[in-house]
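For ligands, and for the atoms within them, numbers begin at 1 and follow the listed sequence.
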Amino acid sequence: MSNIAKIMPASMVDGEGVRVSVYISGCSFHCTGCYNASIWDFNKGTPCSDVLIQEIMTLLDHDYIQGLSILGGEPLQNIELTRQLVRAVRENFGHRKDIWLWSGYMIEWILHSPYAQLLDEIDVLIDGPFVQSLYRHHLKFRGSLNQRIHYLTKKGAPFE
Ligand code: SF4
């Protein structure tokens, strides 16, 4: 299974509400100016395991936690682990917890890829690579103007 670089048990910056954030190691895009360049290496961090996934579920099991954020690294280049995390959230919490996912791939590409089904299982996708020339410091939940927030379900939408 892939490696996990970092787990934040109560993040307030990786999506709406207070969230458990999981940073998966490994990304081949190597965008200039990437905030997470230290975890481009797929071997960084700790190999994930069923025990670690269960620990993440325990962190989620608090009323003040709105959901899980999956970041990287590149979650789609670690698809087995990403799918396991998503499945574990749905098995343990149904749709009571929402799932946000950041990917360097654009939604148009994902929709025609073997990963398309994942979009039916998450609530929010922030897509696209980081582009330094389009960086704006005020953007919420994303770094550059080309990146987009796709609310895929009502659960993830800000009006919910
Ligand atoms: S896709 Fe994301 S994690 Fe990968 S290099 Fe670009 S900004 Fe960094």
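Checking atom 3 (S) of ligand 1 against the protein gives a heavy-atom contact under 4.0 Å.
Residue contacts with ligand 1, taken as heavy atom pairs separated by less than 4.0 Å, involve W40 solely via side-chain atoms from C-beta onward.
Within the listing of ligand 1, atoms 7 (S) sit less than 4.0 angstrom from a heavy atom of F130. The G104 neighbourhood of ligand 1 comprises atoms 1 (S), with distances under 4.0 Å to a heavy atom of that residue. Close approach to G73 involves these atoms of ligand 1, each under 4.0 Å from a residue heavy atom: 3 (S). Listed by atom number, the atoms of ligand 1 under 4.0 Å from C31 heavy atoms are 1 (S), 5 (S), 6 (Fe), 7 (S).
Electrostatic pairing of R90 and D123 counts as a salt bridge here, judged by a charged N lying under 4.0 Å from a carboxylate O. Classification of D98 and R19 as a salt-bridged pair holds, one side-chain N sitting under 4.0 Å from a carboxylate O.
A donor-acceptor pair under 3.5 Å is absent between the side-chain atoms of E74 and the main chain of F29, judged by distance alone. E121 places no side-chain N or O within 3.5 Å of a backbone atom of L118 that could act as its donor or acceptor partner.
Using the six-membered ring where Trp is involved, Y105 and Y115 have ring planes that are tilted, between 30° and 60° apart.
Looking only at protein heavy atoms, the nearest one to atom 8 (Fe) of ligand 1 is C34 SG, 2.2 Å.
A donor-acceptor contact under 3.5 angstrom links the side chains of N78 and S2, judged on distance only. D14 and S21 are linked by a side-chain donor-acceptor pair at a separation below 3.5 angstrom, with hydrogens and angles left out of the test.
Checking C27 against atom 4 (Fe) of ligand 1, an N/O/S atom falls under the 2.8 Å cut-off. Distances from atom 8 (Fe) of ligand 1 show that H30 has no N/O/S atom below 2.8 Å.
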